[in-house]
Asks: 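Structure in structure tokens, see below.
Whatever order the structure lists ligands and atoms in, that order sets their numbers, starting from 1. Only a predicted model underlies this, so the values are computations on that prediction, with no experimental measurement involved.
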Amino acid sequence: MSSKLWGGRFTGKTDPLMEKFNASINFDKRLWAVDIRGSQAYARALARSGIITSGEAEQLVAGLAQVAGEWQRGEFTLQPGDEDIHTANERRLTELLGAVAGKLHTGRSRNDQIATDVRLWLREEIVALRQHVHQLISVATERAAVEIDILMPGYTHLQPAQPIRWSHWLLGHAWAWQRDAQRLDELAARVNVMPLGNGALAGNPFAIDRLQLAADLDFAGITPNSLDGVSDRDFIAEFLFWATLTMLHLSRLAEDLVIYSSREFSFVKLADAYSTGSSLMPQKKNPDALELLRGKSGRVLGGMTGLMATLKGLPTSYNKDLQEDKEPLFDAVDNLSGSLQIACGVLSTLTPNVALMRAALSPEMLATDLAEYLVRKGVPFRETHHVAGAAVQMAEVQGVPLSELTVEDLQRLHHAFEADVSAIWDFEHSVETRDVAGGTSRRAVLDQIEQLRSWLNR
Ligand code: ARG
């Protein structure tokens, strides 16, 4: 008999190229621990159903623990026929236990096995990723609290628009990450459902108690339909969407910081730990960490699109196409783990250049405040917008900053201007007028900080 799991009905040899083409062991071997955990629980479920004895189950559980030890110590040696992690573990178990090992797969298929393994694996990875997101939000929030006094230009269309607090900019990113954390929590619940007991497609014939098996594996529930259970990869697609959106947020942070750390802006100085030099130009300090965050976001997006394209045309239940789910998933998990920690490192070690941010604020950025001054005197906004525009033009013609126009100059544009207009030529004053919830005033920003802190400490 062939040593292949499915060898019984096959007589011809597999093309060696096909063997390689078919194999997933090179990437799915990282599932070794969850594969063994799932098998141990399954052996116990078989014993509870009475199809194997509890003595046999104990043998299987102990043998599997031995296999796990070999993986753990780096002693597990893959053999040519080890097609995937399930095949490899069962082959080794058979070497250790002999015939009884052949009872482990009773009523089980690699179809419900792999779907279970990936869910067990991803569930743990999500816990680690969730902590990284938490850490990143925490760094942004605490920086925002300490650096609340720093003012900088806010941009729209990347054109200087209005003064804002640096903390407001930091929190703008933090809120996006907070949504990422919420989304991750929500999808984690859909990952934590057990397909084991679905068999190949039609269900388990030996009356195993799936609910008890799920409890043994700490799953919150079981998949309700075996056809769907073996083929559902929504939880991976959803995770990849999460990963893509989170990377997109990191990429946008990175882009801001690439600009802000450029010599022309110099709003922030990146720590040497996250920059590199040029092999050619001695004066260069490159923001490689940020460029990689931006670059990897494209790659994770590609993985998500690839998997969705793989899934879209599949007929009901398991198809081998589904083996293509793991590489993009592993790649996304690895990249997210690295990217979140690097973003956290960059953000916690950069130095804001308070003076240069302040110097980049120009009186023209208060043109809206000039219009708002008149609004407060009862002039309709549309009219005030026009007047403020005329003031900008007048200052340009006179060759002076907007703030240098005299009250008389301004009164020529509108009679409602009075001496108190001089109070608006103050950037601090400008940000403090944006005192609405979600605004950039000190109180509004402190309120955001409190909201995030209490969310973080939940
Ligand atoms: N390596 C396979 C995968 O990742 C395991 C399931 C194989 N099932 C099968 N019927 N060939 O999807």
Side-chain angles (χ1 to χ4, degrees), residues 2-10 12 14-15 17-39 41-42 64 67 71 76 78-94 102 104-123 125 191 193-205 217 223 226-237 239-240 303 306-334:
S2 154
S3 65
K4 283 199 170 60
L5 286 185
W6 38 265
R9 103 172 249 279
F10 286 80
T14 314
D15 178 342
L17 203 56
M18 173 56 196
E19 194 114 25
K20 238 177 124 189
F21 193 62
N22 194 38
S24 54
I25 187 67
N26 280 330
F27 49 86
D28 69 16
K29 62 179 177 219
R30 71 190 283 180
L31 298 173
W32 70 261
V34 288
D35 190 69
I36 286 182
R37 188 177 168 200
S39 286
Y42 190 69
L64 286 162
V67 179
W71 279 111
F76 192 103
L78 289 171
Q79 300 298 328
D82 292 347
E83 181 183 323
D84 53 28
I85 185 61
H86 327 298
T87 323
N89 281 340
E90 196 178 327
R91 189 261 311 152
R92 185 65 190 129
L93 188 68
T94 309
L104 173 64
H105 214 51
T106 307
R108 187 175 67 168
S109 159
R110 283 182 295 160
N111 298 354
D112 55 348
Q113 188 175 1
I114 186 61
T116 304
D117 285 4
V118 176
R119 286 170 183 268
L120 282 170
W121 180 83
L122 183 54
R123 189 174 78 175
E125 296 298 324
V191 173
V193 181
M194 186 193 74
L196 200 55
N198 282 329
L201 76 164
N204 185 291
L217 288 170
T223 57
S226 61
L227 294 172
D228 180 46
V230 294
S231 71
D232 172 19
R233 298 294 184 274
D234 292 1
F235 69 100
I236 301 181
F239 176 82
L240 292 180
L307 179 74
M308 289 200 185
T310 296
L311 295 179
K312 73 171 269 295
L314 295 187
T316 285
S317 98
Y318 185 84
N319 300 271
K320 196 59 173 270
D321 317 45
L322 292 174
Q323 182 163 288
E324 294 295 312
D325 61 356
K326 278 169 281 301
E327 285 162 295
L329 175 64
F330 294 161
D331 193 65
V333 166
D334 293 342

Asks: Can you tell me how the ring of F330 sits relative to the ring of W121, calling it parallel under 30°, perpendicular over 60° and tilted otherwise?
Replies: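 Answer is perpendicular, since the angle exceeds 60°.
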Asks: So how far is it from K326 NZ to D117 CG, rounded to the nearest 0.5 Å?
Replies: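 If I round to the nearest 0.5 Å, the distance is 9.0 Å.
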Asks: For N319, which residues count as a side chain to side chain contact (heavy atoms under 4.5 Å, CB included) partner, sequence neighbours excluded?
Replies: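 Per chain and number, N319 pairs via side chain to side chain contact (heavy atoms under 4.5 Å, CB included) with L314, P315, D321.
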Asks: Just list the N/O pairs, ligand 1 to protein, that are under 3.5 Å apart, with the distance for each.
Replies:
{"from": "ligand 1", "atom 1": "1 (N)", "to": "S24", "atom 2": "OG", "distance (Å)": "3.1"}
{"from": "ligand 1", "atom 1": "1 (N)", "to": "D84", "atom 2": "OD2", "distance (Å)": "3.2"}
{"from": "ligand 1", "atom 1": "1 (N)", "to": "Q323", "atom 2": "OE1", "distance (Å)": "2.7"}
{"from": "ligand 1", "atom 1": "4 (O)", "to": "K326", "atom 2": "NZ", "distance (Å)": "2.7"}
{"from": "ligand 1", "atom 1": "8 (N)", "to": "N111", "atom 2": "OD1", "distance (Å)": "2.9"}
{"from": "ligand 1", "atom 1": "10 (N)", "to": "N111", "atom 2": "OD1", "distance (Å)": "3.0"}
{"from": "ligand 1", "atom 1": "12 (O)", "to": "Y318", "atom 2": "OH", "distance (Å)": "2.4"}

Asks: To the nearest 0.5 Å, how far apart are CG in L120 and CD in E125?
Replies: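 Going from the CG atom of L120 to the CD atom of E125 covers 12.0 Å.
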Asks: From Y318 OH over to R110 CZ, what is the distance, rounded to the nearest 0.5 angstrom?
Replies: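 Answer rounded to 0.5 Å: 7.5 Å.
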Asks: With a distance cut-off below 6.0 Å to the six-membered ring centre and an angular limit of 45° from the axis, does R92 pair with F76 as a cation-pi contact?
Replies: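 No, a cation-pi geometry is absent between R92 and F76.
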